[in-house]
Amino acid sequence: NIGLPYSGMNIALSDSATVGPQDGEVLISLNKKHTPTADLTAMLRRELPRRFPQLTFFFQPADIIDQVLNFGQPAPIDIRVSGSDPDATYALAQHYASRLAHIPGVVDSHVFQVPDAPGLKVNVDRNIAAEMGITERDAANNILVTSSSSLQSSPNFWVDPSNGVSYPLVVQQPAYSFANTGDLLTMPLPGAKGSSQAQTLMNIAQLQRVKVALSTSQLNIRPVFDVHADVQGRDLYGASLDIDRLLKQDHPPVDQPISVILGGQIDTMRSSYDGLFAGIGLAIILVYLFLVINFQSWIDPVIVLLAVPFALGGVLWMLTLTQTHLSVPALMGTLMCIGLTTANSILVVSFANQRMDAGDSPLDAAVAAGYTRLRPVLMTAGAMMLGMVPMALGVGEGGEQNAPLARAVIGGLLFATFATLVFVPTMYRLMRRPPAPATAAATGHSHAI
């Protein structure tokens, strides 16, 4: 797509990054067998500016997951600079864009809005136009149809009777006929009603070179400029910390009415992480309270949950081993791993309690629970880990999106299974006391009877 997006609707409804005739959008469809998309993107980011130094290149989110997480924004990093003075606000946005380019891992930094594009302004002399029977609306409509076609002002369609497909019928003067401003000034205009004499644009108007905004945005009725950027070879959270330091150092003075907001996918990531970490903590607390009610003990739930730190350590170990960043899917896999780890630990502790009720010592009960529950624990954890292997490999279309979830589950269960079969019985032996023998008083009372 070269230039403005082609649509029968108003271009204001389009979310494309092509905001003017100087922009172009290229979509690349990869073969079924190709190198990783991230590697291809990195290669293009390196080669395109070298071969075409006069152009600016940036990559938009191509998959639907990133598009949803960005909430329609064409980049995961969005610094919104808003103020009452458009010139000062735009200057600060450009400053942020240049500073972002020096942060390691941050790429494609640019200002989305274009406020100073060259343009031609048609100044119609209303008095002369009125004498010729031409209104400014007639002149504007004629210029619009001649230069941009009649698709917007007078849509007309023809239906092919052979296949039922409708085709737009438009009237437009060929663009190559406008070689200079003189060709625009000789553009014919309809004369007064009832008169067959046409006029030219130069008879009623003059052209003026001005700077126009190709794309404008507002935030709370004030002009806003978006500084967009992306990350490459680095996690978004680490880049966000450097961006926070940059915004803190170069924040506009308090006396200037300019506000700077860091949004985009960073805002979504932080709110999601806060919710997931709070959910993990709340889940552990609720599970503990439910186990207290179930076991009628304050010690047994603690023994059950002692396997959870091993599961968390296994998740971090697997993510580090596979060079996988911490993400929302990885945290979802952590929640799944905590649930299965808790269920397996409950099996071990419940069986140990049954053996103690039968008269075994804590040591014998812990050993029996470890041996007896070995098979069901290994079957449960093994089935989950084997089922997650294809997802962890990231095979298939979009497989890399859910790979962190599977890797977190596999790593967490590897460590948690060891903890369930070895560490939990050991802590059961250390923390559980043998049942108290019958007291001497009770024995004496029995003899007295």
Side-chain angles (χ1 to χ4, degrees), residues 1 15-19 22-30 34-53 55-81 92-114 215 217 224-247 250 260-273 323-330 394 398 400-401 403-404:
N1 179 35
D15 60 351
S16 173
T18 54
V19 298
Q22 78 284 352
D23 291 331
E25 182 181 21
V26 180
L27 297 179
I28 302 175
S29 179
L30 301 177
H34 61 83
T35 56
T37 307
D39 296 343
L40 295 175
T41 304
M43 182 270 293
L44 291 174
R45 280 198 177 105
R46 181 177 62 256
E47 291 296 327
L48 290 176
R50 183 180 65 84
R51 299 188 183 186
F52 307 96
L55 301 180
T56 300
F57 297 92
F58 59 90
F59 288 79
Q60 300 183 77
D63 57 279
I64 191 172
I65 295 180
D66 287 337
Q67 292 174 359
V68 171
L69 291 177
N70 289 347
F71 290 97
Q73 293 290 344
I77 300 175
D78 181 17
I79 302 177
R80 313 203 73 185
V81 185
L92 182 60
Q94 285 186 314
H95 172 72
Y96 286 146
S98 61
R99 290 292 304 275
L100 284 177
H102 295 85
I103 296 180
V106 178
V107 293
D108 297 345
S109 61
H110 65 283
V111 181
F112 175 73
Q113 289 79 8
V114 181
S215 176
S217 304
V224 61
F225 293 93
D226 296 276
V227 182
H228 291 162
D230 204 342
V231 290
Q232 175 181 292
R234 188 183 185 187
D235 62 291
L236 185 61
Y237 178 76
S240 67
L241 297 180
D242 290 341
I243 295 175
D244 287 336
R245 285 191 287 268
L246 168 63
L247 298 181
D250 296 348
V260 180
I261 302 174
L262 178 58
Q265 204 174 118
I266 292 180
D267 189 24
T268 307
M269 175 194 67
R270 289 175 174 174
S271 60
S272 300
Y273 279 10
Q323 295 296 309
T324 304
H325 297 308
L326 186 65
S327 59
V328 172
E400 64 273 7
Q401 297 289 344

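We count residues from 1, following the sequence as given. Remember, it's a predicted structure, so these values are computed and weren't measured experimentally. Note: hydrogens, waters and symmetry copies are ignored here, and every other heavy atom, side chains too, is used.
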Subject >> Atom pair CE/CZ of Met43 and Arg46 - distance to nearest 0.5 Å >> reply: 7.5 Å

**OP:** Applying side chain to side chain donor-acceptor pair (under 3.5 Å), name anything that partners Gln22, two or more places apart in sequence or on another chain.
**Re:** none

Subject >> Nearest atoms (heavy-atom pairs only) where Ala229 meets Pro76 >> reply: O-CD, 3.5 Å

Original post:
Quick one: does Val260's side chain get under 4.5 Å of Leu92's, heavy atoms only?
Top reply: yes

**OP:** Please name the pair of heavy atoms, one in Ala330 and one in Leu326, separated by the smallest distance, quoted to 0.1 Å.
**Re:** CB-CD1, 4.3 Å

Original post:
Which pair of non-hydrogen atoms, one from His95 and one from Ser98, has the smallest distance, and what is that distance?
Top reply: O-OG, 2.7 Å

**OP:** Kindly indicate, with the supporting measurements, whether the criterion side-chain contact (heavy atoms from CB on, under 4.5 Å) is fulfilled by Asp23 and Val114.
**Re:** CA-CA 11 Å; Asp23 291 331; Val114 181; 5.6 Å; no

Original post:
In this structure, are over 12 heavy atoms from other groups packed under 6.0 Å from Arg51 atom CZ?
Top reply: no

**OP:** Could you tell me the separation between the CD atom of Gln265 and the OG atom of Ser240, rounded to the nearest 0.5 Å?
**Re:** 11.0 Å

Subject >> Residue pair Asp267 / Leu262: nearest heavy atoms and the distance that separates them >> reply: CB-O, 4.4 Å

Subject >> Spacing of OG belonging to Ser327 relative to CG belonging to Leu236, to within rounding of 0.5 Å >> reply: 11.0 Å

Original post:
Mind checking whether Val111 and Tyr96 have side chains closer than 4.5 Å, heavy atoms only?
Top reply: no

**OP:** Identify which one of Leu247, Ile243, Asp250 satisfies the side chain to side chain contact (heavy atoms under 4.5 Å, CB included) criterion when paired with Arg99.
**Re:** Asp250

Subject >> Residues Asp242 and Arg234 bridged, charged N to O under 4.0 Å >> reply: yes

Subject >> Distance (rounded to the nearest 0.5 Å) between Thr37 OG1 and Phe59 CZ >> reply: 11.0 Å

Original post:
Looking at side-chain heavy atoms only, is the closest gap between Tyr273 and Val328 below 4.5 Å?
Top reply: yes

**OP:** Could you tell me whether a side-chain N or O of Gln113 sits under 3.5 Å from a main-chain N or O of Asp226, the two making a donor and an acceptor?
**Re:** yes

Original post:
Using the ring of each side chain (for Trp, its six-membered ring), is Phe57 parallel, tilted or perpendicular to Phe52, with breaks at 30° and 60°?
Top reply: tilted

Subject >> Residue pairs, two or more places apart or on separate chains, that pass salt bridge (charged side-chain N to carboxylate O under 4.0 Å, His left out) and touch residues 35-45 >> reply: Arg45-Asp108, Arg45-Asp230

Original post:
Do the non-hydrogen side-chain atoms of Leu100 and Ile79 ever get within less than 4.5 Å of each other?
Top reply: yes

**OP:** Can you see which heavy atom on Ala93 is nearest to which on Val227, and at what distance?
**Re:** O-CG2, 3.4 Å

**OP:** Evaluate side chain to side chain donor-acceptor pair (under 3.5 Å) for Thr41 paired with Gln232, printing each intermediate quantity in order.
**Re:** CA-CA 9 Å; Thr41 304; Gln232 175 181 292; over 6 Å; no

